[in-house]
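Report on the structure given below.
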There are 2 protein chains.
Amino acid sequence: MVHEGSAVSKQALRRIPFYLNYLRSLPEMEVQNVSAPMIAKALNLNEVQVRKDLAAISSSGGRPKTGYNASELTSDIERFLGYQNVNEAVLVGTGHLGRALLSYRGFEHYGLEIIAAFDSDESIVDQDIHGRPVFPVYKLVDLTRRLNVRIGIIAVPAEAAQQVCDMLVEAGVLAIWNFAPIHLTVPDHILVQNENMAASLAILSRHLQEMFDANESLDNEG
Amino acid sequence: MVHEGSAVSKQALRRIPFYLNYLRSLPEMEVQNVSAPMIAKALNLNEVQVRKDLAAISSSGGRPKTGYNASELTSDIERFLGYQNVNEAVLVGTGHLGRALLSYRGFEHYGLEIIAAFDSDESIVDQDIHGRPVFPVYKLVDLTRRLNVRIGIIAVPAEAAQQVCDMLVEAGVLAIWNFAPIHLTVPDHILVQNENMAASLAILSRHLQEMFDANESLDNEG
DNA sequence: ACAATATCGATAAAAACATATCGATTTCCG
DNA sequence: CGGAAATCGATATGTTTTTATCGATATTGT
């Protein structure tokens, strides 16, 4: 029995989509092989790190001096990440962010399909947004369960997020993609993936702050 | 000379906004003190970790049995992250995502203000979007430099991202918030912060894949 | 066929990060 | 006042992640 699952670290899991992206960006006709050093150079990563990541994913391994077969590696990654199955999702909250997510076609490349949206604002309900039906939020639990959907996307204000989260859990979703800037409490078996824009902003802002501080102290010394 | 800058790890930097968020969510009148264990419990983190993070940020330290003064800690964090200065940014790309970002008022809380947008589509130009002027992209370098803006936000398709990135660098920005699913090459002193939705999706999708695999192997054994 | 080279896979070392533990300090309460 | 409880700050330990190193192997060019 194979348990390749736990061989890949969380950090690796964040890099793998970049590999896939890179592979997909290559002209399929011209490039037949890719090597770890090649990917590392393109993505500005350490060569050994990439090689290790690939070793964990690739079914057939790479060949010295040549590397991996590009298309084979591509589908290995897709299989590994489960992008081959279509993962159906429901989205809650049709504000600006929710609409942006509904409008983004790129999710198809990642096997994600948003099949319905929910909103508490009754006036939006019964319209379609970018081809997806919008339902009132009181139908969320029942409908999501009947659709047998496993992913819930939360795009509501922070105040409402935990409540929506509870409903999604009750409806039987297994993973939640949370865009609300708040910590969600869930049962153990549920995965919450926070889309943490505040964290990104913090890193940005801190970077500028540090550069500012550095300049200041230079001034004070000179 | 003080160099508190490098004492905080990258991971800590990702947690700190959550602390701030939590602090801001507290009713200011009722809660005067917060402790590390209190925050840890609320955000489901390790108590020691939170304490260490706070120690690096707090100017005055905490008191045994009491913790930290909430409002003081709040402004310590804001100062640390540079949220007290207003960081002005320009945004490139006014598709669905760009518009969603322009419409989001919450950035003010993080000291970020988007003051102008750029787009290659001339028909959009000269309109305002959510109160911000939209300029043609050929004005990007000149205008951004004259506005003395230090943050650039990239919300264009992957194909155009590197080109836009180069322009932003030429215009003198110091940090780039990249929403395009592609690796950007920049000079050393420039910080690129990737908003990596693909990575989040990968983690989600892989979680489901693992649960699916686990079920399968159970079936095969029973 | 053989040497030079690029890559792989594996193992080892180093660095970053998280968690546990302990004495010291403050507050609370009897 | 004195003991119990909660928290702090610091140090030590453990874990994860990254990076370096080394021998083995496939390819290329002579």
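Remember, predicted model here, so these are calculated numbers, not experimental data. Labels below follow one simple rule: chain letters A, B, ... track the order of the sequence lines, proteins then strands, and each chain is numbered from 1.
Using modelled atom types, one side-chain atom of B/Thr144 and one backbone atom of B/Leu140 make a donor-acceptor pair closer than 3.5 Å.
Judged purely by distance below 3.5 Å, without hydrogens or angles, the side chains of B/Thr66 and B/Asn33 never pair a donor atom with an acceptor atom. Defined by atom type and a distance below 3.5 Å, a donor-acceptor pair is present between the side-chain atoms of A/Gln162 and A/Asp166. B/Asn69 and B/Ser71 share a donor-acceptor pair across their side chains, judged by distance under 3.5 Å alone.
Of the candidates B/Val169, B/Val92, B/Asn194, B/Val164, B/Ile176 forms a side-chain contact (heavy atoms from CB on, under 4.5 Å) with just one, namely B/Val169.
Atom CG in A/Asn33 sits about 13 Å away from atom C1' in C/dC8, given to the nearest Å. Spacing between atom CG of A/Asp53 and atom C1' of D/dT17 amounts to 11 Å, rounded to whole angstrom units. Here the P atom of nucleotide C/dA15 and the CD atom of A/Gln11 are 19 Å apart, to the nearest Å. When rounded to the nearest whole Å, the span between CD of A/Glu47 and P of D/dT21 equals 12 Å. One interatomic measurement links the two molecules: CD of A/Gln49 to C1' of D/dT17, which rounds to 8 Å at whole-angstrom precision. The distance from atom CE of B/Met38 to atom P of D/dC8 is 11 Å, rounded to the nearest whole Å. Distance, A/Ile39 CD1 to C/dT7 C1': 13 Å, rounded to whole Å. In this structure, A/Asn44 places its CG atom 11 Å from P of D/dT19, rounding to the nearest Å.
Here the side chain of A/Lys52 is nearest to one of D/dT18, C/dT19, C/dT7, namely D/dT18. Candidate nucleotides D/dA20, D/dT18, C/dT19 were compared by shortest atom distance to the side chain of B/Asn46, and C/dT19 ranks first. Here the nucleotide nearest the side chain of A/Pro37, chosen from D/dT17, C/dT7, C/dC17, is C/dT7. Between C/dA10, C/dT19, D/dT17, one nucleotide has an atom nearer to the side chain of A/Val48 than all others, and that is C/dA10.
A centroid separation of less than 6.0 Å is found between the aromatic rings of B/Trp177 and B/Phe107.
The phosphate of C/dT19 has neither OP1 nor OP2 within less than 4.0 Å of any side-chain N or O from B/Arg51.
Contact annotation for A/Arg15: backbone-only contact, meaning every heavy-atom pair under 4.0 Å involves sugar-phosphate atoms and none involves a base. Across all strands, A/Ala12 comes closer than 4.0 Å to no nucleic acid atom at all (heavy-atom distances).
At a non-hydrogen distance threshold of 4.0 Å, A/Arg63, A/Pro64, A/Lys65, A/Thr66 from residues 61-75 of chain A come into contact with DNA chain D.
The shortest heavy-atom contact between A/His109 and A/Tyr83 is O-CD1, 3.9 Å.
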